[in-house]
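Structure, as structure tokens:
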Amino acid sequence: MKDAVYLDKSKRKYKGNLHMHTTWSDGTQEAADAVSAFKAKGYDFISITDHDIFARTAAYDTETFIVLPGMERGGLNLVPDEDPGYHFGVLDDPTIEPMQERFHHLQSFEVPIPWEGQQSPQKLIDDMRAHGNLVVFNHPEWHLTRFEDMVQYDGFFAIEIYNHATEWTASSSYGAAYWDHALQNGKRVFGIAADDSHDHDPSCEIPEYGGGWVSVEAEELSQAGIIAALKKGQFYSSSGPEITDFRVENGFVHVECSPCQYIMFKAFPLRGPFHVEREKGELMTSGSMVIQKGMSYIRVECVDEKGRVAWSNPIFVADLAEEEQQ
Ligand SMILES: [Zn+2]
Ligand SMILES: [Zn+2]
């Protein structure tokens, strides 16, 4: 089995929010104010993903902060304006040459999208990709998405596994079960935590800004740098803790994290170990597991004292196979 480094503690990570709204759709904050708030919170990048209106602007970019072009495309429901429905995160991918023209700043799109049967979500995903975008399957739990949708549709590079806004609006913010369903069925998709913020009231007990983010191990802070790293899964998602290092060495998976009360390895089809210092009640900053024959993927969740989670991306065990000797 080959060694592999997924997150390297010696490398710089960039913190970003990939899902948020402003006054360009139904948010209450102007884009400039939202940018200032995220800068003040120490973020390196955001994507302004308003509903059915594309944001592409370099107006807020500096040496230390960038705004990735993006949108949230929705309005596709079996019954108009009723759940279940589909919202897709759309992120411009500058590393490819698109078949069709890229979306321009404040280009708007019609909603609702007429439901034309089960192929409708796939048609929408394909259309977003043809215009040079990455697609994220947004908030599946909140949207009452059916588990089989994770398998029957293709072309999304990630699933939103934590949506902070729905944590306190509908307590349905966790999409990790959908993620496992996709992974168990052989999909190679990553997990994304994001705010989906619409309002910003820092005095609120659970502020909408800064509740879910990605931490990306990119070569540089640029749109191409961040997108390339996202596509390779060189990031983790979090609602609190940090994952500083994640690697495979000599047939073992090792994770290092900020102090956590649990470290859970989620392996399939054999369960991975659950680490907890139950007797001493101490917090842990590392954990390991042996990779067993027959495992298809392994991911890890590190949970801090407040119950907040850091999610690694999956290790696909087939990628670790040694090439056959000629
Ligand atoms: Zn949405
Ligand atoms: Zn949203």
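One-based numbering, in listed order, for ligands and for the atoms of each. Scope of the values below: all heavy atoms of this structure, side chains included, with no hydrogens, waters or symmetry mates. Worth saying up front: this structure is predicted, and the values here are computed from it rather than measured.
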| request: Report yes or no: do Asp26 and His51 form a side-chain donor-acceptor pair below 3.5 Å? | output: yes
| message | Whether the Glu72 and His139 side chains hold a donor-acceptor pair (N or O, under 3.5 Å, no angle test) is what I'd like checked. | response | yes
| Does Leu134 share a hydrophobic cluster with Tyr86, counting links as ILVMFWY side-chain heavy atoms below 4.5 Å and allowing steps through other members? | yes
| request: Rounded to the nearest 0.5 Å, what's the gap from CG on Asn313 to CD on Gln234? Could you check? | output: 10.0 Å
| note | For residues 172-191, the salt bridge (Lys or Arg N to Asp or Glu O under 4.0 Å) pairs (sequence neighbours left out) are Asp154-Lys187, Asp180-Arg299, Arg188-Asp319
| message | Check for me: within less than 2.8 Å of the Zn ion (ligand 2), which protein N/O/S atoms show up? | response | His19 NE2, His21 NE2, Glu72 OE1, Asp196 OD1
| remark: For Phe265 and Val253, the nearest pair of non-hydrogen atoms, with its separation, is CE2-CG1, 3.9 Å
